[in-house]
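Just the heavy atoms: all of them, side chains too, but no hydrogens, waters or symmetry mates, feed the values below.
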There are 2 protein chains.
Amino acid sequence: MNGGQARPTIKTICAMTGLSTATVSKALRQSPEVRPETRAIVEEAARKVGYSTNLHGVQLRTGKTYQVAILMTTPTSDLVEWEGVEYAQLLSGISHAMEGTRYRVALYPVRDYDEAQDTVRRIIRNRLADGVIFSGTRPDDGRVRLLQEADFPFVTYGTTEAHAPHAFVDSDNDGIIRTAMRRLLDRGHRRIALINPGEHLSYGRTRLATYRDMLQSAGIEYDPALVAHGILTPSFGREQVMIMHALKDPPTAYVCANEASALGALSGFAACGLVHGRDAVINATDDLNVSAYFTPPLTTFYLPITRPAELLGRHILGAIDGVAPERLQTLLMPDLIERSDDRLRASAG
Amino acid sequence: MNGGQARPTIKTICAMTGLSTATVSKALRQSPEVRPETRAIVEEAARKVGYSTNLHGVQLRTGKTYQVAILMTTPTSDLVEWEGVEYAQLLSGISHAMEGTRYRVALYPVRDYDEAQDTVRRIIRNRLADGVIFSGTRPDDGRVRLLQEADFPFVTYGTTEAHAPHAFVDSDNDGIIRTAMRRLLDRGHRRIALINPGEHLSYGRTRLATYRDMLQSAGIEYDPALVAHGILTPSFGREQVMIMHALKDPPTAYVCANEASALGALSGFAACGLVHGRDAVINATDDLNVSAYFTPPLTTFYLPITRPAELLGRHILGAIDGVAPERLQTLLMPDLIERSDDRLRASAG
DNA sequence: ATTGGAAATATAAACGATTACATTTTGTCG
DNA sequence: CGACAAAATGTAATCGTTTATATTTCCAAT
């Protein structure tokens, strides 16, 4: 009956073995209900015809999608500018974590926070995925609320202040700023600028809070003029240096929240005639180990993005499997890589 | 019967309207077979219960997957180093091009060329997607062969020398090198280095061919020592500058195939004590507009990656729709952005 | 040999859509 | 008004799985 051309199905194996669909199905899924000898027969037949299960059938019957949705925040059309470059590594890390499973990564591009919420709603409503991953968390995050209400598996890259615990991965921003500030303060810096992401973002909040904390401990008054919030592109870093440099009491150190803004800050140095290490210094947080190639190389907190990425992948699989959220929370402390001393040299003129 | 909780299906609408599944199905798909009045009734009912079609049902019945597979070449684990950062923008561009359709982007991470071929085979065999997109093409590309044999829709980012035409998007590498070389030759450069991708890649081949062509026209002998093939990371660019600088007749210009290697080359300049514009210059090709922020800013051929990305998305939809491959081929010429003059200044010592 | 019950297998009904084919309705024309 | 074709709708099978339930097989204990 079968043309031989068509893709083999469970029925093909039934015809070959004389077994019923139920038995074959169970055998293929290693159910203990089927005798080992029978399973062997089924597996042999499956191997012979090159059977592989048709996901569509499974999906329809079980309602599972075997898709993990990743919300990918993409800048409004043309303003690309090295924004979100780390996404590439993030995506590949997550995908790698799912190798050997049936799960696939499906991309959902969103332009902003509101669109992200809509997308989350759509994913929940239409069961477009079995789990969701997203970044750019806010302390009170609407997406988290939606997903928790729907009891939908998810992992965030970034923390929130949600009442109920949820799975997340993040770098230890408190630890980063604490270490960075202590180091700079030790080296005599008193005017330290913070180049931060948008104000609503959790990690910006955390960084700012710790920054203020460290200033207070050091007995230095907080100056809002030294803190910039914005989209962390090179152009933003550059602008902020140019603005802050024009202050009557300009910063001697810049702590940048990513490598893109650090690169921009360096470009701002050049534009203002500032010399790194003489007039001021820049520290960064780097996911891509790229600040090693800046001129001059910068001191950074380096966490290869593949690490959080793989964890995101593993956590979402866990969340889908019903592992308790408390057990799927990871804070990662980047390594401090001191590429420059960051003590200001005596001005040589 | 229906708890009211369950997601509405076509049957829900049948119950509401008294119509049959066939009619409702056709009405929802705007079939001309159903009377406008009937369609209105169906649409009203659908709206009322918030019906949205269950893809799994469609997929099983029609065999369509509504997935576009993107092969994402990811470096071997830890060697991340800013490799493939442009993928993020590429992915978002492609995804955006599919907004408003049923199609989703699904990611298939592959470590190398062989794994990519295996993955292509799997996608074809198991009909995991309706179309495939990949980059890093070779003149004689095994993936292209597989897909053409299977008559499977695909678009490449990069050209090949396949016998039968296929859909592709690429930047005009011949045009880029032609323009870059003419400009540098006009400015008196005679020793021009080419920082190129791996030898097997099509775009590397094209660049090299045009490079040799331009040298020959200018009556300059080709020197293999001035051409480097490798993975275009910052570290590669840096190394190559350091190696070539040590030649007895070192280059006065470096033409880098991407922004990462250009950044590395600049870093190499610093390491060797070279001053850009005095001892040598660097030109780049840039997808992310990031070379504007290098110190000094570099002259580049800039093509915002969103453009090829959107085209890739549109082309794959076309290919899936059966549009002839000849009509889905696009070469894009980047804009030359002259950020530095690139004439060597008289050495000031 | 019979019985009981566990273990293994089979039957058949889903899941939600599409679609060949059958049937009914509608409208036109003699 | 009746006949007929075209238009609209209905019936039922199907895609490939899983799974509740039924049936058979097997084995041990009586």
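Listed nucleotides D/dT17, C/dA17, D/dC15 differ in distance to A/Asn54; the shortest reach to its side chain belongs to D/dT17. Checking D/dG10, C/dA17, C/dT9 against every side-chain atom of A/Val34, the shortest atom distance belongs to C/dT9.
A pairwise comparison of heavy atoms in B/Gly142 and B/Gln117 identifies CA-NE2, 3.2 Å as the closest pair.
At least one donor-acceptor pair under 3.5 Å links the side chain of A/Asp141 to the backbone N or O of A/Arg138. Side-chain atoms of B/Glu310 never come within 3.5 Å of backbone atoms of B/Ile94 as a donor-acceptor pair (strictly under, hydrogens ignored). Using a distance-only test at 3.5 Å, with no hydrogens or angles considered, a donor-acceptor pair links the side chain of B/Thr137 to the main chain of B/Thr159.
Look at B/Arg111 and A/Glu99 and you find a salt bridge, because one of the NZ, NE, NH1 or NH2 atoms lies within 4.0 Å of a carboxylate O, short of that distance. Between A/Arg39 and A/Glu33, none of the side-chain N atoms (NZ, or NE/NH1/NH2) sits under 4.0 Å from a carboxylate O, so this pair counts as no salt bridge.
When the C1' atom of D/dG16 is taken as reference, atom CZ of A/Arg102 falls 12 Å away, rounded to whole Å. Between the CD1 atom of B/Ile13 and the P atom of C/dG16 there is a distance of 13 Å, given to the nearest Å. Following rounding to the nearest Å, A/Ile10 (CD1) and C/dT11 (P) show an atom-to-atom distance of 15 Å. Atom-to-atom, NZ of A/Lys11 to P of D/dT18 comes out at 13 Å; the value is rounded to the nearest Å. Following rounding to the nearest Å, B/His56 (NE2) and C/dT18 (P) show an atom-to-atom distance of 14 Å. We find that CD of A/Gln59 is positioned 14 Å from P of C/dG16, with the value rounded to whole Å. Atoms CG (B/Leu60) and P (C/dC15) sit 14 Å apart, rounded to a whole Å. Rounded to a whole Å, the CD atom of B/Glu37 is 8 Å from the P atom of D/dT9.
Here the straight-line distance linking atom CD1 of A/Ile305 with atom CG of A/Leu90 works out to 4.5 Å at 0.5 Å rounding. Separation of atoms CG (B/Asn126) and OG (A/Ser52) is listed at 3.5 Å; rounding is to 0.5 Å. Of the inter-residue distances, the one linking A/Gln89 atom CD with A/His96 atom NE2 reads 10.0 Å to the nearest 0.5 angstrom.
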Write out a two-atom table: protein N or O, nucleotide N or O from nucleotides 19-22 of chain D, distance below 3.5 Å.
from: D/dT19; atom 1: OP2; to: A/Arg29; atom 2: NH1; distance (Å): 3.4
from: D/dT19; atom 1: O4'; to: A/Arg61; atom 2: NH2; distance (Å): 3.2

Secondary structure of DNA chain C in dot-bracket form (Watson-Crick or G-U wobble, distances below 3.5 Å, | marking inter-strand pairs): ||||||||||||||||||||||||||||||
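Phosphate proximity of D/dA8 to B/Thr38: absent, as no side-chain N or O sits under 4.0 Å from OP1 or OP2. At C/dA10, one or more side-chain N or O atoms of A/Ser20 fall inside 4.0 Å of OP1 or OP2 (strictly under the cut-off). Distances shorter than 4.0 Å separate none of the side-chain N or O atoms of A/Tyr66 from OP1 or OP2 on D/dT17.
Counted by atom type alone, B/Tyr51 and B/Thr9 present zero donor-acceptor pairs between their side chains at under 3.5 Å.
Between A/Arg35 and A/Leu28, the one whose closest nucleotide on DNA chain D sits nearer the 5' end is A/Leu28.
Among the protein residues, A/Leu55 comes within range of no part of the nucleic acid, since none of its heavy atoms lies under 4.0 Å from any strand.
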